[in-house]
Amino acid sequence: MAYPYQITSLENYHYQHQKSIQNPEAFWSEIAEHFVWHQKWSKVLNWNFSEPKVEWFKDAKLNITENCIDRWLPSKANDPAIIWEPNDPSETSRTLTYQELHNQVCCFAQVLVNNGAQKGDRICIYMPMVPELTIAVLACARIGAIHSVVFGGFSAQSVSDRIQDAQCNIVVTADGAFRGNKTIPLKPVIDEALINCPSVKKVIVLTRTGQPVSMIEGRDCFWENEMKKVEESGLSSFPAVSMDAEDMLFILYTSGSTGKPKGVVHTCAGYMVWANYTFVNVFQYQPGQVHFCTADIGWITGHSYIVYGPLSAGATTLMFEGIPTWPDAGRFWDIVEKHAVNILYTAPTAIRSLMSFGTDPINNKDLSSLQVLGTVGEPINEEAWHWYDDHVGKNNCPIVDTWWQTETGGIMISNLAGVTKSKPCFATLPLPGIQPVLIDEKGNEIEGNGVSGNLCMKFPWPGMLRTTYGDHERCRTTYFSTYENLYFTGDGCIRDEEGNYRITGRVDDVLNVSGHRIGTAELENAINMHSGVVESAIVGYPHDIKGQGIYAFVIFNGIHIDEEHTKKDINQTVSKIIGAIAKPDKIQFVSGLPKTRSGKIMRRILRKIAEGDTENLGDTTTLLDPAIVEEIKKNRI
Ligand code: WTA
């Protein structure tokens with residue numbers, strides 16, 4: 001068997017889960033034996049959730065890239081590691097074998113070193129979905145630098161905030177990106193971002209779109225030139241730097257309920273074991289299969305299930321540069337047919353968007369290679385689940401509904417494809433090592449089945465976050481202080497009569513828009529930056545395609561040309577401060593917001609109004625000015 005720790009049956013799942021709870025250290029130590037280490041651990045797990053302090057595989061030494069590349073060279077040097085499908089179907093796709101990936105990663109590792117990178121440095125990567133993005137990520141890991149990938153849709157301000165928070169000294173970017181029929185600038189965004197980032201000494205620029213870019217003498221250099229220099233020097237491999245198990249591997253910024261995004265930190269060994277273990281078990285990956293995860297590497301899903309999970313399993317991972325609806329809504333299906341994709345992992349929002357085009361774009365495509373389907377990022381609705389099952393899987397492919405978070409590093413609750421039962425709209429059962437609990441408002445555990453509550457974890461798992469970069473206290477207050485000795489996910493959850501879990505959505509002030517996390521406080525701050533805005537309140541409302549849409553209530557007393565113009569202005573501000581992904585779907589101008597006497601905005605009321613439920617606003621007696629609610633109701637969009 002390719003993966004000795006691959007769960008093979010429902011009984012085996014129960015046995016493994018049991019074992020992982022009874023003796024976690026023995027359980028994880030056995031699994032970790034199947035990886036490449038420079039030195040083994042002295043202790044499998046040390047932990048307490050009060051600081052919090054979590055250490056897995058203490059004193060072990062390793063480099064994750066040896067596990068993702070070098071160890072596959074003897075058996076798979078000429079097997080495809082990465083298949084890349086460009087945005088434009090008329091451009092040729094590329095395949096990188098494990099050997100080619102090795103050469104490129106080693107070469108770029110040397111480029112980084114030539115540009116002053118050292119172990120422990122933070123390197124920001126702001127790139128399109130091209131193989132060089134994966135190469136840059138792995139090259140950082142090779143030299144022991146900490147990568148911070150920032151999604152290409154974020155604005156200069158957002159990139160700047162993230163670079164400053166992590167004090168990055170190098171940025172790897174591209175001239176621009178292709179996305180559908182658009183060409184998006186990246187280097188100009190970096191130039192703007194860096195005005196406030198004195199820590200950055202070097203910018204390495206890949207040529208992707210060929211658009212003109214300004215290059216600053218001494219700071220900026222081209223990827224191609226730097227690689228050529230190294231190639232000409234005859235470098236054939238770059239020795240992987242030995243990392244401590246608990247050294248940081250990467251930082252990934254994510255939104256929370258406070259105004260500022262936080263840098264979630266993952267470390268080398270635990271994350272590697274977890275990304276690999278979950279990949280192999282949830283998707284039931286078999287060597288030779290083609291795995292297509294449609295996420296962007298700017299998000300955790302891309303980190304774990306395009307890069308680290310698949311490559312550490314010697315898999316073939318498919319990277320797609322474009323969007324599902326361009327040149328037409330059959331793009332995913334063309335890719336499945338062209339590359340004989342076996343596993344497709346995507347988000348409910350993509351499924352719903354493709355659903356809206358009907359079945360014509362899918363009917364004449366050969367999807368017979370598909371064996372496993374997956375979904376992630378938000379609760380999937382019943383209709384989308386069945387469409388996925390009927391029209392994509394032809395009722396012949398198990399669907400894995402995978403619940404997890406940036407903070408969890410990998411999948412936490414999910415059925416295992418074809419091995420444990422699926423249930424539409426349920427993530428079903430916890431993976432081995434995962435001990436979920438449901439908690440009521442008073443902080444008590446709700447036992448038994450057929451119940452609901454706030455989802456927490458009572459025991460550490462190897463892939464969990466270790467800290468939030470530069471601010472450990474924030475990590476503690478955000479995740480470990482709501483309930484004593486528990487990790488709080490921020491999600492609400494149902495446990496049905498059979499013990500299956502269904503995640504119902506966030507219970508904090510975080511929206512999930514098209515699978516992207518958007519903090520309402522962060523968005524309100526951005527809107528309030530507009531000079532004419534006095535105050536704003538953001539809530540989510542059900543949206544057919546995005547899952548949640550963004551509804552903004554805005555008090556405006558600036559220069560008012562006309563309503564449409566002012567809305568555009570506000571949208572521009574949001575795009576500038578955060579990025580286009582956070583633009584509100586609806587903006588309603590109001591003369592006041594419903595507040596309590598102590599000045600707190602009653603979001604519950606705004607949420608109801610945004611949802612269209614204006615009759616059942618609940619208790620409004622604590623409101624300072626009830627008349628404002630009538631006004632808001634009347635002018636609802
Ligand atoms: C939500 C993405 C229901 C959830 C991997 C979580 C889900 C947040 C599911 C994390 C699912 C993710 N069913 N909800 N299968 N998967 N979520 O950090 O609210 O971008 O807290 O990680 O997405 O989003 P993040």
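One-based numbering, in listed order, for ligands and for the atoms of each. Everything numeric here is computed off the predicted structure, so don't read it as measured data. Quick note: residue numbers are just sequence positions, from 1.
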Examine [X] against ligand 1 and note whether any of their N/O atoms are separated by less than 3.5 Å.
X: Thr406; value: yes
X: Thr301; value: no
X: Thr402; value: yes
X: Thr254; value: no
X: Arg506; value: yes

Looking at CG of Asp509 and CD1 of Ile538, how far apart are the two atoms once the value is rounded to the nearest 0.5 Å?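 Separation between the atoms: 11.0 Å.
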Could you walk me through whether Arg476 and Glu473 pass salt bridge (charged side-chain N to carboxylate O under 4.0 Å, His left out), step by step? CA-CA 5 Å; Arg476 193 188 68 79; Glu473 178 57 12; 2.8 Å; yes
Check each of Gln405, His303, Arg517 against atom 24 (O) of ligand 1 and report the one with the nearest heavy atom. Arg517
Closest to atom 8 (C) of ligand 1 (judged by heavy-atom distance), picking from Trp299, Tyr305, Trp404: Trp404
In ligand 1, which numbered atoms sit nearer than 4.0 Å to a non-hydrogen atom of [X]?
X: Val376; answer: 5 (C)
X: Ile503; answer: 3 (C), 14 (N)
X: Asn512; answer: 1 (C), 23 (O)
X: Ile300; answer: 5 (C), 22 (O)

Any side-chain donor paired with an acceptor under 3.5 Å for [X] and [Y]?
X: Trp403; Y: Asp491; value: yes
X: Glu246; Y: Thr267; value: yes
X: Ser160; Y: Gln164; value: yes
X: Asn415; Y: Tyr13; value: no

Can you say whether the rings of Trp28 and Trp274 are parallel (under 30°), tilted (30 to 60°) or perpendicular (over 60°)? perpendicular
Below 4.0 Å from ligand 1: does a non-hydrogen atom of Gly377 turn up there or not?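 Yes, that is the case, since the closest heavy atom of the residue is under 4.0 Å from the ligand.
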Report the nearest protein non-hydrogen atom to [atom]: residue, atom name, distance rounded to 0.1 Å.
atom: atom 4 (C) of ligand 1; result: Asp491 OD2, 3.1 Å
atom: atom 3 (C) of ligand 1; result: Pro379 N, 3.1 Å
atom: atom 13 (N) of ligand 1; result: Glu378 O, 3.4 Å

Which of Thr278, Thr317, Thr402 passes side chain to side chain donor-acceptor pair (under 3.5 Å) with Tyr305? Answer is Thr278
For Gln371, run the side chain to side chain donor-acceptor pair (under 3.5 Å) check against Gln286, Gln289, Gln284 and tell me which one passes.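 The passing option is Gln289.
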Would a line drawn from the ring center of Tyr253 to the ring center of Phe154 be shorter than 6.0 Å? no
